[in-house]
Every structure is written in structure tokens, then in C-alpha cells.
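Here is the structure we will look at.
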Amino acid sequence: MADVIASARAEGRTLLTEVESKQLLADAGIPVAMAQLATTAGEAVRIADDLGYPVVMKVVSPDIAHKSDVGGVVVNLADAEALQAAHGEMMARVQEAAPNASILGVAVQSMAPQGAEVIVGATTDPQFGPVMMFGLGGVFVEVLKDVAFRIVPLEPRDARQMVREIKGLPILQGVRGQAPADLEALEALILQVSAFMAAHPEVAELDLNPVFAYEEGVLAVDARVVLAEPVGADDVSGVEVSA
Ligand code: ADP
Ligand code: MG
């Protein structure tokens, strides 16, 4: 397994692609929807044929952090024909929206069944170091700021509290006849990400957005890892100082 952190460093990148991020996280035992890089439409079809349909196709670029913003995500592709057609359309859309981005290809992955959407993330605070974040997806985080934070490393009790202190908890517990989400699996995921951040001081930011929470188990369908800026000669960053 190639060292994705080392290769990103060698290329002077801090943003890992979704494919790289998921490789890194899967190695740490974190449940992710594995994504494979295809550099051509033909290769995308071969991967999808192997996986089985439906699949999801996303643009892969070290210059694009938010793929949907540039039309770079297509879900629920039912067969090779649909994938082939969507590939050309997506490339055209992305090139129009982000003309200067270098495009490495597309990521192909199985379409995961819909679950309750949550976000598990980590950032680095200049004073406290890595900090974990948990919330429900979409407007709950962006508009209502309904999120819980804890400083890494977390104890099991911290993860338990985080999941239960958000105002949106009833949504996870099952509303309108929906099955409740697997809170224990969410807690386990939060603890795994906390351990990952503690073990990787070179990771500045991590976003699993969204994670699908099911009645049994959880699955991160998107992942974004951002490395800390390398400490350059003329760049006095706080990274070394605070340790
Ligand atoms: P972005 O870079 O815009 O955040 P995402 O990878 O999060 O892109 O994809 C956008 C949306 O597509 C997700 O919020 C999710 O609803 C859906 N999606 C992404 N990957 C999958 C997947 N493997 N299975 C099912 N739905 C997915
Ligand atoms: Mg996302």
C-alpha cells in the first residue's frame, strides 16, 4: 500500500483526494465506502462492472475540495451506458466550473443505501491541538450550528456524550416511524477518528461528510483529509511551538 501522505508531501499538496483519504482511513479500520480512481471512462466502466451497479462517480482533483459545487458528483448510475454518458457530461461541467483545476480522473464507488446523514470531523486548534466535531448533516450544521466538540484524545464517555448532546438527537433516535440510527457504531467511529488524529499529527483536518448512520452500522461515503502546512524555512508556524 502506497503511503498517501508521503506522496502528497512529495508533490507539495496538503489536500488529499477522496480516494487517498479513504485509503488512509480504511487502513485505520474506519468504515468508508471505498473509491477507486479511473483515469478514463472505459476504466470507470470496468471498475463499475466489477463492483456492480448502481455506482456513484465523483471528480478527483487535488484542487477541488467540494466536488458537488462544481457538478462533480453523480449518484445512482444504473449501468455502463449511464456511467459512460455521465462521465462526459461531468468532465464538461467541471472544466467549465473549475477551468484551472488539474483533474486526475474520477472516483467510482458503490452506491450506499441512504442512512441518517451525520458529520464526523476533526480540526486542529492552535491551543488545544486536534478537536473532534460531531453533528447532523446539511442545514443542522451549516445553519443551526448544532454541533458537539471534544478535545482529542476522547474517552468512550466523551463520544457517548457528543452523540447525545446535539439538539437533533431525536432525529437519530428515529422519528416518524424511521428506524433509529446505530448510536453505538457512531460512538465507535468518533473514537476511531480521535485515535487516528492522535496518531497522525501531520493531519490538520479531517471531514467525513456525510456519514450514513444505519440501524446497524455506519459508513462514511465522503472523506477529506487535509495535511498541516509543512514547516517551511521562512514560515514560522505554530505547529512546532505549541508542542
Ligand atoms: P462533496 O465533495 O460535494 O461533499 P460528496 O462526496 O459528499 O461530495 O457527495 C455529495 C453527496 O452525494 C453526499 O452528500 C451523499 O448524499 C451522496 N453520496 C456520495 N457518495 C455516495 C455513495 N457512495 N453512496 C450514496 N450516496 C453518496
Ligand atoms: Mg461531502
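Bear in mind the structure is a predicted one, so any value in this text is a computation, not a measurement. In each ligand, atom 1 is the first atom listed, and ligand 1 is the first ligand listed.
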> Do you know the tightest heavy-atom contact between Ala159 and Ile190?
Replying inline: CB-CG2, 4.1 Å
>> Polar contacts were defined as any N/O atom of the residue lying under 3.5 Å from an N/O atom of the ligand; does this apply to Lys58 and ligand 1?
In response: yes
>> With salt bridge (Lys or Arg N to Asp or Glu O under 4.0 Å) as the criterion, how do Glu165 and Arg150 come out once you've worked through the C-alpha distance, each side chain's angles and the decisive distance to 0.1 Å?
In response: CA-CA 12 Å; Glu165 76 188 33; Arg150 286 292 184 287; 2.7 Å; yes
> Quick one: which ligand 1 atoms are inside 4.0 Å of a heavy atom on Ser68?
Replying inline: 1 (P), 3 (O), 8 (O), 10 (C)
> Can you name the nearest heavy-atom pair linking Ala28 to Gln192, along with the distance?
Replying inline: O-NE2, 4.1 Å
>> For ligand 1 and Phe212, I'd like to know whether there is a polar contact (N/O to N/O, distance under 3.5 Å).
In response: no
>> How far is atom 22 (C) of ligand 1 from the closest protein heavy atom, and which atom is that?
In response: Val56 CG2, 3.6 Å
>> If you define the side chain from C-beta out and look only at heavy atoms, does anything of Met90 sit under 4.5 Å from Val74?
In response: yes
> ligand 1 versus Val75, non-hydrogen atoms closer than 4.0 Å: side chain, backbone, both, neither?
Replying inline: side chain
>> Within a 6.0 Å radius of atom CD on Glu11, are there more than 12 heavy atoms belonging to other residues, nucleotides or ligands?
In response: yes
>> For the backbone of Arg160 and the side chain of Arg164, can you confirm whether one donor and one acceptor N or O come within less than 3.5 Å of each other?
In response: yes
>> At less than 4.0 angstrom from any non-hydrogen atom of Met111, what atoms of ligand 1 do you find?
In response: 24 (N), 25 (C)
> Between Lys67 and Glu18, is there a side-chain N and carboxylate O pair less than 4.0 Å apart?
Replying inline: yes
>> One residue to check: Gln109. Relative to ligand 1, which of side chain, backbone, both or neither has a non-hydrogen atom less than 4.0 Å away?
In response: side chain
> Is there side-chain contact between Val118 and Phe134, with heavy atoms separated by less than 4.5 Å?
Replying inline: yes
> By number and element, which atoms of ligand 1 are closer than 4.0 Å to a non-hydrogen atom of Asp222?
Replying inline: 1 (P), 2 (O), 4 (O), 5 (P), 6 (O), 7 (O), 8 (O)
> Going by the atom numbers of ligand 1, which of them fall below 4.0 Å from some non-hydrogen atom of Pro210?
Replying inline: 7 (O), 13 (C), 14 (O), 15 (C)
> Heavy-atom distance to atom 8 (O) of ligand 1: which of Lys67, Glu18, Arg224 wins?
Replying inline: Lys67
> Taking only heavy atoms of Asn209, which atoms of ligand 1 are found under 4.0 Å from at least one of them?
Replying inline: 7 (O)
>> Taking N, O or S atoms only and a limit of 2.8 Å, check whether Asp222 reaches the Mg ion (ligand 2).
In response: yes
> Closest non-hydrogen protein atom to atom 21 (C) of ligand 1, residue and atom name please, with distance?
Replying inline: Val221 CB, 3.6 Å
> Do any of the N/O/S atoms of Ser68, backbone or side chain, fall under 2.8 Å from the Mg ion (ligand 2)?
Replying inline: no
> What atoms of ligand 1 come closer than 4.0 angstrom to any heavy atom of Ala112?
Replying inline: 22 (C), 24 (N), 25 (C)
> Do ligand 1 and Asp69 have nitrogen or oxygen atoms that lie under 3.5 Å from each other?
Replying inline: no
> Glu205 versus Thr124: any side-chain heavy-atom pair under 4.5 Å?
Replying inline: no
> Is there a side-chain contact between Leu16 and Val4, using heavy atoms and a 4.5 Å cut-off?
Replying inline: yes
> For Gln36 and Glu43, does a side-chain donor sit closer than 3.5 Å to a side-chain acceptor?
Replying inline: no
>> If the cut-off is 4.0 Å to any non-hydrogen atom of Glu117, which atoms of ligand 1 fall inside it?
In response: 16 (O)
> Looking at atom 11 (C) of ligand 1, is any protein heavy atom nearer than 4.0 Å to it?
Replying inline: no
> Going through the distances and angles, do Leu206 and Met197 end up as a side chain to side chain contact (heavy atoms under 4.5 Å, CB included)?
Replying inline: CA-CA 8 Å; Leu206 188 159; Met197 290 302 290; 4.0 Å; yes
> What atoms in ligand 1 come closer than 4.0 Å to a heavy atom of Ser110?
Replying inline: 22 (C), 23 (N), 24 (N)
